[in-house]
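Have a look at the structure below before the remarks.
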Amino acid sequence: VKEYPQSPEGMEIKERLVQLSEIISKASDSSVNSVVASSYLSNGNFWAKGNETFMIDSSWLPEVELASEWYDRVLQEFPKSDAAERAYESKLRSLIGSEDRASEHAYGVKQNFVLYMPQVLSTFAAFETDFPENSSLQAFRYQIAQAYWNHKDWANTRLWLQKIIDKGAGATT
């Protein structure tokens, strides 16, 4: 920053120093190279799964949207990086969602198919474009097929199951 204050790197680091000082203690032995990206992922994971450290009631907050915002930050600021790859996977898991039958709480597609399925499809398409060799793509194709199945949309279920077969090209995936 002192030697090259006008360089893109120097300007970015100068802007990030305050953020870095706050999050450095949160950075663990993660495989993500950027501490800022790691922090964004952590914040997204907080909203996607809850956080066992903090005892707050987030049930009235839009958890999927909040998680997506953090994952989108990673995707925008660190495109095609290892952090972006993890952000896509985490965002898709959040958008697909889950349901807790005991508490009757659901989120993501399992809560609102019409709202979240278009987001799942656009996120998946971007993920597949940016990381065409990612080993999770087949599992996400299956999750999408399963979401259509649960919605009794047999034509799209068949379409996505066929995509699994086609992409697999006869190999075990």
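Nothing fancy with the numbering, it's 1 onward along the sequence.
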| remark: Heavy-atom nearest pair, F113 first then P118, reads O-CD, 4.1 Å

| field | hydrophobic_cluster_shared for V35 and M11, side chain cutoff 4.5 Å | value | no

| Tell me, do Q111 and E63 make a side-chain contact under 4.5 Å, heavy atoms counted? | no

| field | Interatomic spacing from CZ in F124 to OG1 in T129 - rounded to 0.5 Å | value | 9.5 Å

| Is the shortest distance from a Lys or Arg side-chain nitrogen in E128 or K163 to a carboxylate oxygen in the other one below 4.0 Å? | no

| request: Hey, could you give me the CD1/NZ distance between I96 and K91, rounded to the nearest 0.5 Å? | output: 12.0 Å

| Any sub-3.5 Å donor-acceptor pair from S68's side-chain atoms to V64's backbone N or O? | yes

| field | Smallest separation among heavy atoms of G97 and K110, with atom names | value | O-CE, 3.6 Å

| message | To the nearest 0.5 Å, what is the distance between CD on Q146 and OG1 on T157? | response | 9.5 Å

| field | Distance in Å, N134 CG paired with Y88 OH, rounded so as to fall on 0.5 Å steps | value | 11.0 Å

| task | Would you check if the side chain of T123 reaches a backbone N or O of V120 as a donor-acceptor pair within less than 3.5 Å? | result | no

| Okay, side chain of Y71, backbone of R86: is any donor-acceptor separation there less than 3.5 Å? | no

| request: Could you tell me whether a side-chain N or O of S136 sits under 3.5 Å from a main-chain N or O of A139, the two making a donor and an acceptor? | output: no

| task | Would you give the length of the straight line joining atom OH of Y148 to atom CG of N156, rounded to the nearest 0.5 angstrom? | result | 4.0 Å

